[in-house]
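Here's the structure we're looking at; comments come further down.
Just so you know, ligand 1 is whichever comes first in the structure, and atom 1 is the first atom listed for that ligand.
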Amino acid sequence: MKTLTTTAYILASVFITGCSGIQSTNEPLKVLIVDGQNNHTVWPKSTQMMKQTLEQSGRFDVDVYRTLVTWKGGKLLENFPLNDGKVYRDLPQPQTDPAFKPDFSKYDVVISNFGWKAAPWPESTKQAFEKYVSNGGGFVTVHAADNSFPEWKAYNEMIGLGGWGNRNETDGPYVYFDDAGNKIVDDSKGGAGGHGKQHEFAVITRDKAHPITENMPDTWMQSKDELYNRLRGPAKNMTVLATAFDDKKFNGFGRHEPVLMAITYKKGRVFHTTLGHAEPAFTSSGFTSSLLKGTEWAATGKVSL
Ligand code: ZN
């Protein structure tokens, strides 16, 4: 199996990104990042980092649409700072923002940087989003966005697998790989979502035929990150593109867990990455390269980056 070191992969991805920026004659793809309720210390900086990564490639123009942020006393806070360096993870239980009504139809692809315990979107916004993806819109779910909205059936079909939020066997099977490289669909009972200690880990490409992964190394190293385990969900029309081994020595479960997935939902395409817990993850070349490829694929069905 071919293994590329982190340094070699940085060089490779810089080369790919640099070339595509010069050679591309396409109009930039229009990206909308939605966020506002995320349990991670790196948020809201993570949204700014992804916006920068996408725009520096020359392939994307990025807008951000943020909910009002629930603040002390349950108040919704306006003009929440994009990045002021403070820690916002201990916010109270987020509340639905009735004014959260992005016009999804203006965009080629929507990226969710929502997280655990995000409050449901307004009903009309949920319907508009379902219509957008059903009609061929692209969607990218990053890290804890697969914790969000356990009760929203269409959303769970879009993301394929999810975790936390009382998800269990009624939401769908566990999906993982065994040591021999077989995909296991496991209906056994139990909760969904977890992770061991953060660490660097190798990501193994499992599908070299898919546009997102066809030019990725067979194995690459992800910077220190959370490795999500025991995700479960409908897993319909879902291709596991890459996995990582959830080593028991880091309190894992000894399975090869999906980290990159591609899902089709009606006419829409969804790219799901479980990577992206903290700042080192967002700056790693494996994360940025897969985000660029996955976002372009979700938007167009092809990858030029
Ligand atoms: Zn996390």
Quiz item: Is there a side-chain contact between Phe287 and Met50 (heavy atoms, below 4.5 Å)?
Solution: yes
Quiz item: Do Lys208 and Asp218 meet the salt-bridge criterion of a basic N to acidic O distance under 4.0 Å?
Solution: yes
Quiz item: Vertex the Zn ion (ligand 1): angle to ND1 of His277 and OE1 of Glu226, to 10°?
Solution: 90°
Exercise. Say whether Val62 and Phe104 are linked into one hydrophobic cluster, either directly or through other cluster members, by side-chain heavy-atom distances under 4.5 angstrom.
Key: no
Quiz item: Under the 3.5 angstrom rule, does the side chain of Arg269 hit a backbone N or O of Trp297 as a donor-acceptor pair?
Solution: yes
Practice problem: State the atom name: nearest N, O or S atom of His143 to the Zn ion (ligand 1). | Solution: NE2
Quiz prompt | Residue His40, metal the Zn ion (ligand 1), N/O/S under 2.8 Å | solution = yes
